Visitor: 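Mind looking over this structure? Questions follow.
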Amino acid sequence: MKIGIFGGTFNPVHEEHVNICKNAIKELGLDKLIVVPTFLPPHKEVISESCTDRLNMLSIAFDGVNKACVSDFEIKKEGTSYSYITLEYFKSLYPNDELYFIIGGDSLLSFGSWRNPERILSCATLTVVDRDGINADYEKEREYFKKAFNKDFILLKYRGKDFSSTRIRVYASLSLPLDGLADEKIAKYIKDNGLYKGDKYTEYVKSQLPEKRLYHTAEVMVSALSKASELKLNPEKVRLSALLHDVAKYVDYKTVEGFQIEEGMVAPVVHAFLGAYVAKNILKIDDDEIIDAIKYHTSGKANMSLLGKLIFVADMVEKNRDYEGVERLRALFKKDFNLSFIECLKEEMQHLLSKKRIIYIETLNAYDYYINNKKD
Ligand SMILES: [Fe+2]
Ligand SMILES: [Fe+2]
């Protein structure tokens, strides 16, 4: 028998997880495919929703998918879930069968640093699924793989679309519709069970912004969070900065007690400075890095923190932006974050010059620091 094993956090499961399984069954000629949700992943953030909810959603999503079943092995076992333990367990259950361990292209890039990768490979053939948004050179990876493990992997012909569980969680937290993001039944389960609820900051932002701006905020959050682990940034700080960056977009600064317009401050940056003021004084956010990321998200400045740079770029490249040249910046953001920051700064300067706008001093400082003096 040919058996596929497909692991993940599935927080929550989305359409593309199901498509990957259906295509793996077809391409590999599998007799059985076992979906294994993680209890606690070794490299990822703590999972926000309960194991029962993630399992229930998987059962709903895979109901009717021929040959697929869901296993609660890692969840029942508890503790950090290591793939080699899972694979050895299934190998002991099916000693005479051929196992295929299915992972995403992004996971292939870090496979060498997993716990006991060679023990995984002695149980199963590694099977990789590419998807939009991953920039992997699979031939190079294949060479590395052969050298490191003396094995080859299978690359599925099927290429997954860029679906994201993060987007579902962010939209749910802002009470935005999940149409087109999650399967109808999963969206209903999330709603009925009140999953992925926001916190007091989310509620505040919802009370301050019209729905159109909420979509922008949501997409800035999705973009920023997609880079948090690669840039080794605290995901909660990334979430809060992105969530609050435009919190004062619709507030008249004259109505906010204690807020002062600084000399030379141009109109487009007022909401950013006001947002930082609101975050600090009304929402009592006591973290200067978050406050600065909000404050300089429009203008930039010299010597920004990595978090500040991330919010600056995420604001410019989020999915709903449609100015000329945005696709190039968006692609760069996925591929090379530092370069995307430099190019976004150049784009901002060109935009301001072409519109003959007054350029705010902090933007000039940023340009001087990063472009003229080429500092990091
Ligand atoms: Fe803004
Ligand atoms: Fe924004």
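As the structure lists them, so they are numbered: ligands from 1, and atoms in each ligand from 1. For the numbers below, each heavy atom of this structure counts, side chains included, while hydrogens, waters and symmetry mates do not. This structure is a prediction, so every number in the text was calculated from the model and none was measured.
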Visitor: Kindly report the NE2-the Fe ion (ligand 2)-OD2 angle for His216 and Asp246 respectively, rounded to 10°.
Guide: 100°
Visitor: Can you classify the ring geometry of Phe145 versus Phe111 as parallel (below 30°), tilted (30 to 60°) or perpendicular (above 60°)?
Guide: tilted
Visitor: Is there an N/O/S atom in His245 that lies less than 2.8 Å from the Fe ion (ligand 1)?
Guide: no
Visitor: If the test is side-chain contact (heavy atoms from CB on, under 4.5 Å), which one of Leu99, Leu93, Leu33, Leu30 qualifies with Ile3?
Guide: Leu99
Visitor: Looking at Val222 and Ser164, what are the two nearest heavy atoms and their distance?
Guide: CG1-OG, 4.4 Å
Visitor: Of all the N, O or S atoms in Asp315, which one sits nearest to the Fe ion (ligand 2)?
Guide: OD1
Visitor: Considering just N/O/S atoms, say which atom of His271 is closest to the Fe ion (ligand 1).
Guide: NE2
Visitor: State whether the side chain of Glu362 and the backbone N or O of Ser299 hold a donor-acceptor pair below 3.5 Å, judged by distance alone.
Guide: no
